[in-house]
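All remarks here apply to the structure that follows.
Keep in mind that the numbers below use all heavy atoms, side chains included, and drop hydrogens, waters and symmetry copies. Each chain gets a letter, A, B and so on, in the order its sequence line appears, and its residues count up from 1.
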There are 2 protein chains.
Amino acid sequence: MEWTVWAAVERVAPELVRAMEHRVRVMQRIDAHAPIGRRALAQAMGQSERTLRTELEYLKQLGLVAASSSGVSLTPEGKALLGELEPLVAEIAGRSDLAWRVSSFLRIPRVIVVEGDADEDTWVTDRIGQAGSDVLSDVLQDGDIIAVTGGTTVAAVAKSMSAKPLRQRITVVPARGTVGEIVAYQANTIASELAAKLGGSSVLLQISDSLSQKALEQLLDDPYIQERLPIIRQATVVVHGVGDALAMARRRHATEEEIRLLQAREAKAEAFGHYFNAQGEVVYAMRTIGLRLDDVARARVVIAVAGGQRKAQAIASVANAYRIDVLVTDEGAARRILQLETPAGKERVEHGSEGWH
Amino acid sequence: MEWTVWAAVERVAPELVRAMEHRVRVMQRIDAHAPIGRRALAQAMGQSERTLRTELEYLKQLGLVAASSSGVSLTPEGKALLGELEPLVAEIAGRSDLAWRVSSFLRIPRVIVVEGDADEDTWVTDRIGQAGSDVLSDVLQDGDIIAVTGGTTVAAVAKSMSAKPLRQRITVVPARGTVGEIVAYQANTIASELAAKLGGSSVLLQISDSLSQKALEQLLDDPYIQERLPIIRQATVVVHGVGDALAMARRRHATEEEIRLLQAREAKAEAFGHYFNAQGEVVYAMRTIGLRLDDVARARVVIAVAGGQRKAQAIASVANAYRIDVLVTDEGAARRILQLETPAGKERVEHGSEGWH
DNA sequence: ATCCTACGGGACGGAAAATGTCCCTTTCGT
DNA sequence: ACGAAAGGGACATTTTCCGTCCCGTAGGAT
């Protein structure tokens, strides 16, 4: 298969490609377990019985599967077709396996790996955003408070979130004050956009993240802050990007001294105003206003979105630092992560499926 | 592009491939006419403005098209992507062009060409059936009487018709009595199945098509027939297959004498109990009960479904014989048809678009 | 032999998405 | 200055999707 064309197809019609991949997976699973019951299959695929049923009915109409009293199986035709789809199957299985291995390696229950490398193709970030917004829609509950950080990847999540009628009461808040100059990638902007898409409200935090110690303390007494901060810190869902330590430090206009310090302490990642080394230990903390690490620990769901192999080390670091429930990343980062040294003294834990949608 | 895999993909997820092709077409059109208005584009694509709008909104979200005050255009990204999709574009354009040429050649307003050759791959018949059922759904109106003939292709149309809630009052009738032994491909069976799918009723005709002259005349006086025949002959929509003259004669257990006669008169096609030569002239007519040629002429829409290059000559013959509004065929037949000699003394006529769905 | 479980499949109501329809403001070209 | 045509918002309606409950049955275990 000429992957150039295929990659282009994925960009033109990602939902269709995903639907196709799903269908192939269903067929794979049927082939492996045939004959298998509809309900068992649905559970294995992590979807409702009814939706699977629709799919099966269609496949049946195409003459690719047949149902008997003991369950559904592939027809000879379906089997032959699955063989012809080998290259595609390999690709899907490969990415699924990748997700599984990253999940084990980082001890993150749910890992989603999209195709490509964000460092090489900027549009990969969009696909991470799509996958991220799907996950977010999936986990959202009524009354949730979503905290979002800044960054291009989180911005992509908000961008690709489909507008929903306001059925749930959702509040979106920025995890922290403002970092960087590009407004579109600031937490405030993203929170506002996401709230609009979800039909919820947003509580913004119009302060700079790089204030003097003194100014910060003054702010903490301010009614404006005192009113908003508690809401932010009660976030139930956290969607955050992961930054490379030095890159983030420079973006924040850190002093040369600070940068030297971070280098000396081998800081690898930045998140929520904290710098972490490879082992996930906090090596430097900025005194800022916003979501703290212990707030993150209290959140119901913590979603990390980050792609590109340059982010691999940073992702691994934060995975050691605090609980991450869902990681949405790309192939570039995933492969690089697996090349990193295994963190010593940490045993593997159970993990769930990497999840289809 | 490795067409082996692509063909397999088409069989596993034909609707998705079609949707994809449509999207690419939209992009092509935008690229060619940019900037173009939404309404103009919708009209050119033969779909409603609102549905196109949904598509455009999605394409916009993917960053492939951009809207300005003067209309929508492809973004540089979209342009680049369209370039990468070149093989696919060529394929689509090729088939579209094929349909256009067949449409001109046979003077059939609407021609749909699906991929493949029914003589080589039996599943191509299914795809013709799908396309046919789409067309049928498209043209159906309340109160319609659909007459169907027998044959595998028409059976495929009924098979792939999606079940509809009974919103329209539809009657389905067999065009003729019973031909051949395989029940599944008999007009009666097909009519019954189609009626069930459409939530309509069927009026069947339980008589053999190959009766003696005398028996036929007796039947014509029978109340059973007198009640049903007028309904059949009032059909407003006709869906019929096209048969090769000799093949059909043999299937009907024609005598050696008859076959020799057909050969002598250069019969090429059979339809509605009539045999036609290449010029579309009736060279032999069976005296049977059912839909007649002048009934076909009165129908609102006449749809012919037939594939495989062996049917090429037969299709061309019947196209000369009576009015066909829609032809659904495959590449194999289409290419072969264009190699046939142009019927002399017939000028080209205007034709519509080959139609997307 | 008989229970018992899991199978496919029918039916139906409510939720969600798609779509037809109408209107508005803006932006061009004339 | 004006009008045609652009994109986009809003909303009712249609259509599709999906959760849920149920049924008859086949096949394995008891």
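- Candidate nucleotides D:dG7, C:dT19, C:dG9 were compared by shortest atom distance to the side chain of A:R39, and C:dG9 ranks first.
- A residue-by-residue look at A:S68 and B:S69 shows that A:S68 has its nearest nucleotide of DNA chain C further toward the 5' end.
- Across all strands, B:L56 comes closer than 4.0 Å to no nucleic acid atom at all (heavy-atom distances).
- Going from atom CZ of A:R50 over to atom C1' of D:dC21 covers 12 Å, rounded to whole Å.
- One interatomic measurement links the two molecules: CD of A:E55 to P of C:dG9, which rounds to 15 Å at whole-angstrom precision.
- Put simply, CD on B:E49 is 12 Å from C1' on C:dC23, counting in whole angstrom units.
- Spacing between atom CD of A:Q61 and atom C1' of C:dG9 amounts to 16 Å, rounded to whole angstrom units.
- Counting non-hydrogen atoms under 4.0 angstrom, A:T54 reaches nothing in the nucleic acid.
- Checking D:dT20, C:dG8, D:dG8 against the side-chain heavy atoms of A:V72 singles out C:dG8 as nearest.
- In this structure, OH of B:Y58 is placed 15 Å from P of C:dT19, rounded to the nearest angstrom.
- As judged by a 4.0 angstrom heavy-atom cut-off over every strand, A:L52 is placed among residues making no nucleic acid contact.
- Between B:A40 and B:E57, the residue anchored nearer the 5' end of DNA chain D, judged by the nucleotide with its closest heavy atom, is B:A40.
- At a threshold of 4.0 Å, the pair B:E15-A:R23 counts as salt-bridged, since one of the basic side-chain nitrogens sits closer than that to a carboxylate oxygen.
- From A:I30, atom CD1 reaches atom CE of A:M45 across 8.5 Å, with rounding to the nearest 0.5 Å.
- No side-chain donor-acceptor contact under 3.5 Å links A:D330 to the backbone of A:V114.
- Residue A:S48 has a polar side-chain atom (N or O) positioned under 4.0 Å from OP1 or OP2 of D:dG19.
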Residues B:S160, B:S133; criterion side chain to side chain donor-acceptor pair (under 3.5 Å); working and verdict: CA-CA 7 Å; B:S160 75; B:S133 67; 3.2 Å; yes

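- Checking the phosphate oxygens (OP1, OP2) of D:dG7, no side-chain nitrogen or oxygen of B:K60 falls inside 4.0 Å.
- Residue B:Q47 contributes atom CD, which lies 17 Å from atom C1' of C:dT21 at whole-angstrom precision.
- Per the geometry, CD1 belonging to B:I36 stands 13 Å off P belonging to D:dA5, to the nearest Å.
- There is a side-chain donor-acceptor pair under 3.5 Å between A:S48 and A:T51.
- Side-chain N/O atoms of B:R53 and base N/O atoms of C:dG20 include no donor-acceptor pair closer than 3.5 Å.
- A donor-acceptor contact under 3.5 Å links the side chain of A:R38 to the base of C:dG9.
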